[in-house]
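Just so we're clear, the structure is a prediction, and the values are computed from it rather than from any experiment. Atoms within a ligand are numbered from 1 in the order they appear, just like the ligands themselves.
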Amino acid sequence: MPEADSSASKDFRPDVPARSEAFFLKGSNELDWGAKNRLARIFSPKSGRTVMLAFDHGYFQGPTSGLERVDLNIVPLAPYADALMVTRGILRSSIPPTYGGGIVLRASGGPSILKELSDEELAVGIDDAVRLNVQAMAVQVFIGGKFETKSVHNLTRLIDMGNRHGIATLAVTAVGRDMVRDARYIGLATRICAELGASIVKTYYVPDGFDRVTAGCPVPIVMAGGKKLPEIDALRLAYSAVREGASGVDMGRNIFQSDNPVAMIQAVRAVVHQDFTPEQAHEVYLSLKSGEKHAAE
Ligand code: R5P
């Protein structure tokens, strides 16, 4: 047993008010400590933004180009990602448990690319999400899609499950092939997800009015990457999105299908965390590709 602490010179500093700081992340100040702690593993408290690496594509399209061997293709990128967006099968089989960033677990699924994609169900139980110690769970929401109501119901059920444990829910706004991607539609989809309780919303950048989309969404928006573009164009997209209010990116193919994924993810980091212009970040990409080092944040 320790001895009684009878020192007369305790340092209570009654003249110094206790610290009370607002949480750095948009719309998250009223969450509990555990939920905030998890969000701070996804978003950098320093920049307020995230570089999330999405490689959950296999849950509906199998071995996607660039993801044939996650152990070889993705694990070397993990140290440069603030968070990984991944299925539980790949997390358990291929990601070292020593990874210290955030895990955003793909929690919906069902149809493959051969079927109607909006016909998803929840595909993970909360017990397993807790067991995997994830920081957030992700679910696809198909506003305007064939199974819109079902996907919205998946979202709200996942939010209820996650909230019981302080695990955030990331709503992914899926856009059907024949749907117009404009600020009006993206604004509608993102706002619905936030109103229904999502802690983070993932959506596409739209060139005209994205600042209104982010302003109208009370929680952080992360930009979805989309199909592979030339590196400079992907960096331009990321730059425009963060300048217009996105709290970072959740990119997949534009990183892991790059000629040099390790260089590309660091170039994306320079845009997201260091406010590099696309041209400056592209220089980072080219110099890393040619073997030079970059002092990344
Ligand atoms: C969205 O449908 C899924 O989450 C994808 O698997 C992934 O997020 C897409 O990432 P990207 O479009 O950047 O390759």
Applying a strict 4.0 Å limit to heavy atoms, is G226 in contact with ligand 1?
yes

Any salt bridge linking D71 with R69? Criterion: basic side-chain nitrogen under 4.0 Å from a carboxylate oxygen.
yes

Ligand-side contact atoms (ligand 1) for residue partner M85, heavy atom cut-off under 4.0 Å:
4 (O)

Need the ligand 1 atom indices (1-based, order shown) with element for anything under 4.0 Å from a heavy-atom of G225.
13 (O)

If you count heavy atoms of other groups shown closer than 6.0 angstrom to CZ of R184, is the number above 12?
no

Walk me through it: do R92 and D128 pass the test salt bridge (Lys or Arg N to Asp or Glu O under 4.0 Å)?
CA-CA 11 Å; R92 280 205 168 95; D128 212 27; 2.7 Å; yes

Do R19 and E21 come within less than 4.5 Å of each other through their side chains, counting heavy atoms only?
yes

Under 3.5 Å, N or O to N or O, is G252 touching ligand 1 that way?
yes

With nothing but distance in play, are any N or O atoms of Y204 less than 3.5 Å from an N or O of ligand 1?
no

Q140 versus ligand 1: do any nitrogen or oxygen atoms come within less than 3.5 Å of each other?
yes

Please confirm whether H153 and F147 have ring centers closer than 6.0 angstrom.
no

Once you restrict to heavy atoms under 4.0 Å, what part of R106 touches ligand 1? Side chain, backbone, both or neither.
side chain

In this structure, atom 7 (C) of ligand 1 is nearest to the protein heavy atom D56 OD1, 3.4 Å

Test of understanding: given a 4.0 Å heavy-atom threshold, classify the contact between M251 and ligand 1 as side chain, backbone, both, or neither.
backbone

What is the distance from atom CZ of R49 to atom CG of D275, rounded to the nearest 0.5 Å?
4.5 Å

What do you reckon, does R253 have a nitrogen or oxygen under 3.5 Å from a nitrogen or oxygen of ligand 1?
yes

Please round to the nearest 0.5 Å and tell me the distance separating atom OG of S247 and atom NZ of K26.
6.5 Å

Atom 8 (O) of ligand 1: closest protein heavy atom, distance to 0.1 Å, is K202 NZ, 2.3 Å

Count the heavy atoms belonging to other residues, nucleotides or ligands that lie under 6.0 Å from NZ of K10, then report whether that count exceeds 12.
yes

Around atom 9 (C) of ligand 1, find the nearest protein heavy atom and jot down its residue, atom name and distance.
H57 NE2, 3.3 Å

